[in-house]
Amino acid sequence: MIRTAIIGASGYTGSELLRLLTHHPNLTVSTVTSRQYAGRRVGDVFPHIGHLYGDLVFLEPDIPAIAGEVDAAFAALPHKTAMEAVSVLARANVPVVDLSADFRFRDGSVYEKWYVPHIAPELLERSAYGLPELYREEIPKAAVVGNPGCYPTGAILGLAPLLSAGVVSPRGIVVDSKSGVSGAGRSPSPGTIYPETTDGIRAYSVLSHRHTPEITEHLSRAAGEDADVTFTPHLMPAIRGILSTIYARTTSPLKTTDMLDILRQAYAQEPFVRVLGPDTLPDTRWVRGSNFVDIGALVDPSGSRAIVVTAIDNLVKGASGQAIQNMNLLMGFPEDTGLSHVPLFP
């Protein structure tokens, strides 16, 4: 068994890692850290999985000590804090999947423009962007895998094959996304508590969301030229799920069936991508609790505008499930190991 640490295990992504890893035959969680809950048992903080973790106790994050005791690690920490821990683990040759933004960008200047100064820029050259459907060959060679953001996962997977095929233009792309409140994390704030989110929906971080450069970078790679992307996120009154509606101009008249064929061919061998039929569009309920991304697509009657809709569970394919998918690649396991969860419905 691979001894695995979850650094920062008391948030939503940490709890999802704990839940999902109970199904993994090769990874055993031997170490969990939390400054807030240090000294308390996992079951005291997460009663729904406590019986599966016995007397496992949250520890203070002594990263050098942990690096000598585990074979692999997930970092589920905020940006900046994550890079400090990940740097220690990577230098000790512990394979790491980082769920923060700290290792998602090869170009440190892009990261620093949107986040903070980077303390380990030399590790960026040894990192891989953890979107297996696009970068499967790069991930096993990496010292650190930067797990993608939740919004970028749905946006990039929905449009990348169409850009690669040259059937849509990289200019004037619009990504309109709606997320459940769990995407804001477990710490309460006035904008995410029940009375502030129920019965309403609102846009936020318009023209300034930090996932914008991430989406733009990888759609540009798919297109082979700079993409022009407008990304607008919304908070919706749900716990889980992200629904993204993506608009792009076609490069020549296109039919819905042709666009769906391109998507199906691109993802024919992908265990977690489901391309839906021409009369069906995704619903976040259909992926809830699973590592699937559902994709639907239509072309308007003129053939000039493509509309792609994707749905993911932001805590699974948008975070912890994808992190396990990446760890499977790092460790040489079948990619879907421990991730064969059927979506929860209703």
Side-chain angles (χ1 to χ4, degrees), residues 128-140 145 147-168 170 173 175 177 214-215 217-224 227 229 241-248 250-251 254-299 306-314 316-319 321-326 328-329 333-343:
Y129 188 69
L131 198 58
E133 291 79 7
L134 299 188
Y135 306 119
R136 183 170 285 108
E137 302 304 316
E138 299 177 17
I139 292 167
V145 177
N147 212 58
C150 51
Y151 284 123
T153 294
I156 295 166
L157 290 177
L159 207 57
L162 303 176
L163 288 165
S164 295
V167 298
V168 299
I173 294 167
V175 180
S177 297
E214 195 178 331
I215 295 169
E217 176 179 334
H218 294 281
L219 292 184
S220 297
R221 288 182 67 173
V229 180
I242 290 177
L243 189 79
S244 294
T245 305
I246 307 158
Y247 303 87
T250 61
T251 53
L254 186 67
K255 295 179 180 179
T256 294
T257 52
D258 295 333
M259 186 164 63
L260 287 170
D261 284 343
I262 292 168
L263 291 166
R264 288 195 186 99
Q265 290 171 17
Y267 295 128
Q269 304 304 314
E270 296 300 336
F272 298 115
V273 180
R274 305 187 299 193
V275 180
L276 306 182
D279 299 319
T280 306
L281 292 175
D283 187 317
T284 56
R285 294 175 302 164
W286 302 342
V287 295
R288 194 172 191 270
S290 79
N291 202 51
F292 289 112
V293 51
D294 283 359
I295 303 177
L298 293 168
V299 178
I307 302 171
V308 180
V309 182
T310 68
I312 64 170
D313 184 317
N314 58 295
V316 188
K317 183 60 174 171
Q322 186 148 257
I324 294 170
Q325 190 179 353
N326 283 313
N328 285 337
L329 286 169
F333 303 137
E335 201 167 315
D336 59 352
T337 305
L339 291 171
S340 57
H341 306 82
V342 174

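We're numbering straight along the sequence, starting at 1. Owing to the predicted nature of the structure, the values given are computational and were not obtained by experimental measurement.
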Exercise. What's the spacing between R264 CZ and T257 OG1 if we round to 0.5 Å?
Worked result: 9.0 Å
Exercise. Do V293 and Y267 come close enough that some side-chain heavy atom pair is under 4.5 Å?
Worked result: no
Exercise. Quick one: are P334 and N328 in side-chain contact, heavy atoms under 4.5 Å?
Worked result: no
For this session: Grab the two heavy atoms, one from L329 and one from R136, that are nearest each other, plus how far apart they are.
Result: CD2-CG, 4.1 Å
Seminar exercise, completed: Taken in chain and number order and not counting sequence neighbours, the residues that satisfy ring-ring contact (aromatic ring centres under 6.0 Å, His included) with F292 are none
Exercise. What's the verdict on side-chain contact (heavy atoms from CB on, under 4.5 Å) for N314 and T284, showing C-alpha distance, side-chain angles and the deciding distance?
Worked result: CA-CA 10 Å; N314 58 295; T284 56; over 6 Å; no
For this session: For residues A311 and P282, report the shortest heavy-atom separation together with the two atoms involved.
Result: CB-CB, 3.6 Å
Exercise. Going by heavy atoms in the side chains, are L162 and I262 under 4.5 Å from each other?
Worked result: yes
Problem set entry | Exercise: identify the closest heavy-atom pair between P148 and L131 | CG-N, 3.9 Å
Exercise. Looking only at heavy atoms, which two atoms of L339 and G321 are closest? And how far apart?
Worked result: CD1-O, 3.6 Å
Exercise. Is any side-chain heavy atom of P132 closer than 4.5 Å to a side-chain heavy atom of E335?
Worked result: yes
Problem set entry | CD1 on I246 to OG on S177, rounded to 0.5 Å | 7.0 Å
For this session: Measure the CZ-CG distance between R221 and L134 for me, rounded to the nearest 0.5 Å.
Result: 8.5 Å
Exercise. Which class fits the ring pair Y135 and Y129: parallel under 30°, tilted 30 to 60°, perpendicular over 60°?
Worked result: perpendicular
Exercise. Residues in salt bridge (Lys or Arg N to Asp or Glu O under 4.0 Å) with R285, at least two apart?
Worked result: D283
Problem set entry | Residue pair L263 / A297: nearest heavy atoms and the distance that separates them | CD1-CB, 4.0 Å
Problem set entry | Residues V167, M259; criterion side-chain contact (heavy atoms from CB on, under 4.5 Å); working and verdict | CA-CA 8 Å; V167 298; M259 186 164 63; 5.6 Å; no
Exercise. Is it true that D294 and R274 make a salt bridge, defined as a side-chain N closer than 4.0 Å to a carboxylate O?
Worked result: yes
Seminar exercise, completed: Rounded to the nearest 0.5 angstrom, the CD1-CG distance for I324 and N291 is 8.0 Å
Problem set entry | From H218 atom NE2 to T153 atom OG1, the distance as rounded to the nearest 0.5 Å | 10.0 Å
Seminar exercise, completed: Residues L159 and A248: closest non-hydrogen pair is CD1-CB, 4.3 Å
For this session: Give the intermediate values and the outcome of side-chain contact (heavy atoms from CB on, under 4.5 Å) for residues T280 and W286.
Result: CA-CA 12 Å; T280 306; W286 302 342; 3.8 Å; yes
For this session: Verify side-chain contact (heavy atoms from CB on, under 4.5 Å) between S244 and T310, making sure each step is shown before the conclusion.
Result: CA-CA 5 Å; S244 294; T310 68; 3.5 Å; yes
For this session: State whether K317 and E270 are salt-bridged, where the test is any N-O pair (Lys NZ or Arg NE/NH1/NH2 against Asp/Glu carboxylate O) under 4.0 Å.
Result: no
Exercise. So, E214 side chain and G149 main chain: donor-acceptor pair closer than 3.5 Å or not?
Worked result: yes
